Undergrad: 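This structure is in structure tokens; I'll ask about it shortly.
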Amino acid sequence: GAAISFAGSALVNALIPPPSPSIGGVGNFSISQPSPTYSLQAQGNQARLGEPIPVIYGRHVVYPDFAATPYAEFIGNDQFLYQLHAIGQGEYEVEQIRIEDTPISSFNEITTQIIPPNGSLTLFHADVAAAPEVAGQELLSISDGGGWVGPFVANPPETQTNKLAIDIVMPRGLYYANDSGALVSRSITWEVQARPINDDGDAIGSWVVLGTETVTEATNTAIRRTFHYTVTAARYQVRLLRQDNKDTSARSGHDINWSGLNSYLLSTADFSGITLLALKMRATDNLSQRSSRLVNCIVTRKLPIWSNGVWTAPQPTRSIAWAMADVLKATYGAKLNDTRIDLNALTALAQLWQTRGDMFDGIFDQKLTVWDALSRIARCGRAIPILQGGIARIVRDEQKTLPVALFSPRNIVKGSFKIDYIMPGDDTADAVTVEFFNANTWKPDEVTASLPDSAAEQPAKVSLFGCTTEAQAMREGLYMAAANRYRRRMVSFRTELEGMIPTYGDLIALAHDMPRW
């Protein structure tokens, strides 16, 4: 908010305070990482450790966070990258999966699987740990001046694995070029050993031969292989030794490098209640390392709807009302039961918002209180949440014609009646610039709304979180501009038990001698 000018910043609305100009941290919450959706500098897939798992409402684009560490392996001399993403908590209808702005259908080398809440991942193993110390070490036999390479720890402390994977690369291929120029085959043989260790890294068993491998080829194309080994569940360290002598002739390609060590962990990860996206990607010139981190989805949240006294099965919806109901009922929200929510009023508001075309399309991927989340959702419907008698209610600012109570000198406490006039000044806004997230471009946008006779020379800027259409932004901007101009007379008084009759947002009738009403 520091970058927003103070000029035109004074907006007045007694019933529904104007929203904050920023969608960043609220109150005492500190945001350690920016939102991958609303921060253009941070757009892309990240491992946002310790950050909230996103909750999406309505229809939106999302750059899903990594739900597990990506890993790679070789299959048939091709490298495959495996990525598991968390789309968000709850259930979603996935409209499109893209790499940046390109549909994923344009990439034939990508296989996808969408895992609904409590579903099963079948495309690959989710929890795989890579040993960072293994980074292309060359293997040489003892007679060539080499020796054992390693040992390197395969899996972190307090984890167990029952499967190890060794990545081997022969960067120059395997061949010997004879006098006629033809390529003659060459072979390379190496041994793989492993032994169990404890969490302190101390050996608790003897070295065991996992395998003695031999590759024979006659090619000058790089050879890449992944070898898998099943082991007893434990923590392991692994070492490799080349057993044949290296042919150092300029005519030969006879090099071998240990490029990777992966361990398939016995996972205890809990993905219940989360929609996941699994990607198996073959590395080609069509898919670069950078583009593989620009995976995004256009999704619509599925939520149950209150109808005829019961909740329906989850269905795609952009409704403001059912987004608020989810915040109040969900385990990541207020965890209220139905008796603590004014569902009848919420149903009526849902029908009104649907008629008007008011929707909420927003992503909560940063720390936030339940009440702040409710307030942001309600703002898109020109409403505000209140607690009354332990029941959560939603009050919308709208025209009312029937007063619920009459107050006059007979039931107004003597001397308590007061009228405050908020006079316009130099910093009073004469228009409202509404910032919203445009659903056509999936980028921030803005529109300026002003009353017909306004010069619109000093607009106030507000951010309408969850608004994704220009028409809705314009409607709410005009509402704020009108409230700022006409609601500048604040009446207050004290009364007795009659004050329990109206609730927040109700219309009352007022008669008093002082203003001659």
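Treat the numbers as computed from the prediction; the structure is a model and nothing was measured.
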Undergrad: Contact between W207 and P151 at the side-chain level, heavy atoms closer than 4.5 Å - yes or no?
TA: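 In contact.
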
Undergrad: Please verify the inter-ring angle class for W190 with F227; under 30° counts as parallel, over 60° as perpendicular, anything in between as tilted.
TA: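 If you compare the ring of W190 with that of F227, the planes turn out perpendicular.
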
Undergrad: Distance alone, cut at 3.5 Å: any donor-acceptor contact between the side chains of T214 and S187?
TA: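 T214 vs S187: no donor-acceptor pair found between side chains.
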
Undergrad: Using the salt bridge (Lys or Arg N to Asp or Glu O under 4.0 Å) criterion, which residues pair with D358? Sequence neighbours excluded.
TA: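 Expected list: R356, R475.
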
Undergrad: Just by distance, no angles: are the side chains of R195 and Q237 close enough, under 3.5 Å, to form a donor-acceptor pair?
TA: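 Judged by distance alone, the side chains do pair up.
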
Undergrad: Would K280 count as a cation-pi partner of F80, with NZ or CZ less than 6.0 Å from the six-membered ring centre and within 45° of the ring normal?
TA: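 Yes, K280 lies over the aromatic ring of F80.
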
Undergrad: Answer whether the closest heavy-atom distance between the side chains of F364 and I377 falls below 4.5 Å.
TA: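 Heavy-atom side-chain distance check passes, below 4.5 Å.
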
Undergrad: Between R225 and F74, is NZ or CZ placed under 6.0 angstrom from the six-membered ring centre and within 45° of the ring axis?
TA: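 R225 over F74 ring: no.
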
Undergrad: Does any donor atom in the side chain of D361 or T468 lie under 3.5 Å from an acceptor atom in the other side chain?
TA: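 Short answer, yes.
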
Undergrad: V238 versus V192: any side-chain heavy-atom pair under 4.5 Å?
TA: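 Heavy-atom side-chain distance check passes, below 4.5 Å.
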
Undergrad: Kindly indicate whether the side chain of K329, heavy atoms from C-beta on, has any atom under 4.5 Å from the side chain of L336.
TA: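 The answer is no; the side chains never approach within 4.5 Å.
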
Undergrad: For the atom pair CG (L277) and CD1 (I87), what is the distance rounded to the nearest 0.5 Å?
TA: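 Interatomic distance, L277 CG to I87 CD1, rounded to 0.5 Å: 5.0 Å.
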
Undergrad: If we ignore angles and hydrogens, is there a donor and acceptor under 3.5 Å between the side chains of D247 and S249?
TA: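 No donor-acceptor contact under 3.5 Å links the two side chains.
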
Undergrad: Return the set of residues passing salt bridge (Lys or Arg N to Asp or Glu O under 4.0 Å) with E95 (not counting sequence neighbours), or none when no residue passes.
TA: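 Only R59 meet the salt bridge (Lys or Arg N to Asp or Glu O under 4.0 Å) criterion with E95.
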
Undergrad: Locate the shortest heavy-atom distance separating R224 from D78; write the atom from each residue and the value.
TA: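 Looks like NH2-CA, 4.0 Å.
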
Undergrad: Could you tell me how the ring of W442 sits relative to the ring of F437: parallel (under 30°), tilted (30 to 60°) or perpendicular (over 60°)?
TA: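 Taking F437 first and then W442, their aromatic rings sit tilted (interplane angle of 30° to 60°).
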
Undergrad: Ignoring hydrogens and angles, state whether a donor on the side chain of Y71 or Q83 is under 3.5 Å from an acceptor on the partner side chain.
TA: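 No, no side-chain donor-acceptor contact under 3.5 Å.
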
Undergrad: Any donor-acceptor pair under 3.5 Å linking the side-chain atoms of N245 with those of S141?
TA: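 There is such a pair (donor and acceptor under 3.5 Å, judged by atom type) between the side chains of S141 and N245.
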
Undergrad: May I ask you to check whether N178 and S180 show a side-chain donor-acceptor distance below 3.5 Å?
TA: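 A pair is found: one side chain offers a donor N or O, the other an acceptor, under 3.5 Å apart.
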
Undergrad: Measuring from atom NE2 of H85 to atom OH of Y63, what distance do you get when rounded to the nearest 0.5 angstrom?
TA: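 Spacing of NE2 (H85) from OH (Y63) equals 12.5 Å.
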
Undergrad: Is it the case that the side chains of T226 and D167 hold a donor-acceptor pair, with the cut-off being a distance below 3.5 Å and no angle test?
TA: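 There is such a pair (donor and acceptor under 3.5 Å, judged by atom type) between the side chains of D167 and T226.
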
Undergrad: Under a plain distance cut-off of 3.5 Å, with no hydrogens placed, do R293 and N45 share a side-chain donor-acceptor pair?
TA: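 Distance-only check fails for N45 and R293.
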
Undergrad: When you measure from the centre of the six-membered ring of F465, is the NZ or CZ of R376 closer than 6.0 Å and no more than 45° off the axis?
TA: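 R376 over F465 ring: yes.
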
Undergrad: With the side chain counted from C-beta on, respond yes when T122 and Q113 share a heavy-atom pair under 4.5 Å apart, and no when they do not.
TA: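 Yes; the side chains approach each other to less than 4.5 Å.
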
Undergrad: In Å, rounded to the nearest 0.5 Å, how long is the span from CD1 of I115 to CG of L276?
TA: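 If we round to the nearest 0.5 Å, I115:CD1 and L276:CG are 5.0 Å apart.
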
Undergrad: Looking only at heavy atoms, which two atoms of S263 and N155 are closest? And how far apart?
TA: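 Smallest heavy-atom distance, with atoms named: OG-CB, 3.3 Å.
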
Undergrad: Out of curiosity, I166 CD1 to I168 CD1, how far, rounded to the nearest 0.5 Å?
TA: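 Reported to 0.5 Å precision, the distance equals 7.0 Å.
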
Undergrad: Hey, are D326 and Y332 close enough side-chain-wise for a donor-acceptor pair under 3.5 Å?
TA: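 Per modelled atom types, Y332 and D326 side chains form a pair under 3.5 Å.
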
Undergrad: For W258 and F152, I'd like to know if the aromatic rings sit close, meaning centre-to-centre distance below 6.0 Å.
TA: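 Between F152 and W258, which both carry aromatic rings, the centre distance is below 6.0 Å.
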
